[in-house]
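Next up is a structure, given as structure tokens.
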Amino acid sequence: MAKRYWLVKSEPDVYSIEDLERDGRTHWEGVRNYQARNFLREMKRGDRVLFYHSSTTPPGVAGIAEVVREAYPDPTAWDPKSDYHDPASTPENPRWFMVDVGFVERFPEPVPLPLLKEQEALEGMELLRKGSRLSVQPVSKEHFDHVVALGRRKRR
DNA sequence: GCCAACGTTGGC
DNA sequence: GCCAACGTTGGC
């Protein structure tokens, strides 16, 4: 099975690429959208992941992570004290899943969303679709490589 | 199954 | 803080 490419969103106030660099790896818990969950479950060990910072000024792609553990039940769903608590999910019948991701690379500075929007090469990318809110999404290899090249390039 | 009301995401 | 674009809930 060929390696696949993804993008995940995080508010850096909650968890940033700097946090991932410090921690080395983390649980990607708290996904509570069925489409996003289904993509999580398709992730394979070794797949590469663009790490996107949302709700920043500007938002942008901050670096690269990789899948280090494939999907397994998200225990925060049945923790009443968790922000992600969902009583409909139980250990016997889990509804929500998470993966573990590892740190790969932090760009010198995030690739800002306005720059991504200028790229003809990124036409059709889910992230750039108007109104797109999906927090876990597949990315084509071509789009992934283009974003990484922008991330590594010296800007300004 | 329809759809109004409501809640959330996330750019601006 | 505003609001567009969703997704979910629940009455019918």
Side-chain angles (χ1 to χ4, degrees), chain A residues 4-23 26-43 47-67 71-101 103-140 142-144 146-151 153 155-156:
Chain A
R4 295 185 66 185
Y5 300 86
W6 308 92
L7 179 145
V8 298
K9 298 179 182 175
S10 182
E11 297 189 28
D13 289 350
V14 178
Y15 199 84
S16 68
I17 190 78
E18 288 81 9
D19 293 327
L20 183 59
E21 183 171 28
R22 178 197 65 216
D23 297 341
T26 193
H27 310 302
W28 206 260
E29 82 269 8
V31 171
R32 296 293 179 270
N33 168 283
Y34 288 104
Q35 206 182 346
R37 179 203 67 182
N38 294 342
F39 286 135
L40 275 184
R41 293 204 288 200
E42 292 178 23
M43 289 182 174
D47 283 359
R48 297 274 149 159
V49 182
L50 294 174
F51 194 117
Y52 179 81
H53 284 175
S54 64
S55 298
T56 54
T57 309
V61 177
I64 307 172
E66 70 174 328
V67 178
Y72 59 105
D74 179 350
T76 65
W78 52 77
D79 175 4
K81 295 189 297 294
S82 171
D83 288 345
Y84 305 125
H85 181 228
D86 177 0
S89 186
T90 64
E92 296 72 34
N93 190 16
R95 172 174 299 191
W96 303 114
F97 291 79
M98 62 186 191
V99 297
D100 291 355
V101 297
F103 176 78
V104 174
E105 179 175 335
R106 178 164 63 85
F107 297 148
E109 52 187 302
V111 185
L113 182 60
L115 180 62
L116 295 173
K117 287 179 171 171
E118 289 173 9
Q119 307 294 314
E120 274 179 45
L122 296 181
E123 213 170 273
M125 192 177 176
E126 167 67 22
L127 178 73
L128 305 180
R129 233 190 68 240
K130 181 173 162 61
S132 171
R133 299 188 309 175
L134 195 56
S135 66
V136 177
Q137 50 184 264
V139 175
S140 73
E142 290 71 26
H143 288 172
F144 182 92
H146 190 83
V147 173
V148 170
L150 290 172
R153 178 187 306 165
R155 279 194 299 280
R156 116 182 68 186

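No hydrogens, no waters, no symmetry mates; every other heavy atom, side chains included, goes into these values.
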Margin query: With a 4.0 Å cutoff (strictly under), does any side-chain N or O of A/Lys9 reach OP1 or OP2 of B/dG10?
Written below: yes
Next item on the list: Calculate the interatomic distance between A/Leu128 atom CG and C/dA4 atom P; express it in whole Å.
Entry: 21 Å
Notebook entry, point to check: With sugar-phosphate meaning primed atoms plus P, OP1 and OP2, does A/Arg32 contact a base, only sugar-phosphate, or nothing at under 4.0 Å between heavy atoms?
Noted result: nothing
Notebook entry, point to check: In whole angstroms, how far is the C1' atom of B/dG10 from the CZ atom of A/Arg133?
Noted result: 9 Å
Check: Separation of A/Asn33 atom CG from B/dT8 atom P, in whole Å?
Finding: 14 Å
Checklist line | Stepwise side-chain contact (heavy atoms from CB on, under 4.5 Å) check, A/Gln35 with A/Asn38 | finding: CA-CA 5 Å; A/Gln35 206 182 346; A/Asn38 294 342; 5.5 Å; no
Check: Taking A/Arg32 as the fixed residue, which of A/Asp83, A/Asp74, A/Asp86 is the one that meets the salt bridge (charged side-chain N to carboxylate O under 4.0 Å, His left out) rule?
Finding: A/Asp74
Checklist line | N or O in side chain of A/Tyr34 less than 4.0 angstrom from C/dC6 OP1/OP2 | finding: no
Checklist line | Distance in angstrom units between A/Tyr52 OH and B/dT9 P, rounded | finding: 15 Å
Next item on the list: Given side chain to side chain donor-acceptor pair (under 3.5 Å), test A/Tyr72 with A/His27 step by step and report yes or no.
Entry: CA-CA 10 Å; A/Tyr72 59 105; A/His27 310 302; 3.0 Å; yes
Checklist line | Check: A/His143 side chain, A/Tyr5 main-chain N or O, donor-acceptor pair, under 3.5 Å | finding: no
Note to self: In this structure, how many angstroms lie between the C1' atom of C/dT8 and the CH2 atom of A/Trp96, rounded?
What the structure shows: 10 Å
Note to self: Under a 3.5 Å threshold, yes or no: a donor from one side chain and an acceptor from the other, between A/Ser16 and A/Arg106?
What the structure shows: no
Next item on the list: Could you work out which one of B/dG11, C/dG7, B/dG10 sits closest to the side chain of A/Gln35?
Entry: C/dG7
Notebook entry, point to check: When the distance from CD of A/Glu11 to C1' of B/dT9 is rounded to whole Å, what number comes out?
Noted result: 8 Å
Margin query: Measure CG/A/Asp13 against P/B/dG10 and give the value in whole Å, please.
Written below: 13 Å
Next item on the list: For A/Leu7 and B/dG10, give me the distance from atom CG to atom P, rounded to whole Å.
Entry: 11 Å
Margin query: Just N and O in the side chain of A/Lys130: are any of them under 4.0 Å from OP1 or OP2 of C/dC3?
Written below: no
Next item on the list: Please determine, for the side chain of A/Leu113, which listed nucleotide (B/dG10, C/dA4, B/dC12) has the closest atom?
Entry: B/dC12
Notebook entry, point to check: Which of the following nucleotides, C/dC6, C/dG7, B/dG10, is nearest to the side chain of A/Arg129?
Noted result: C/dC6
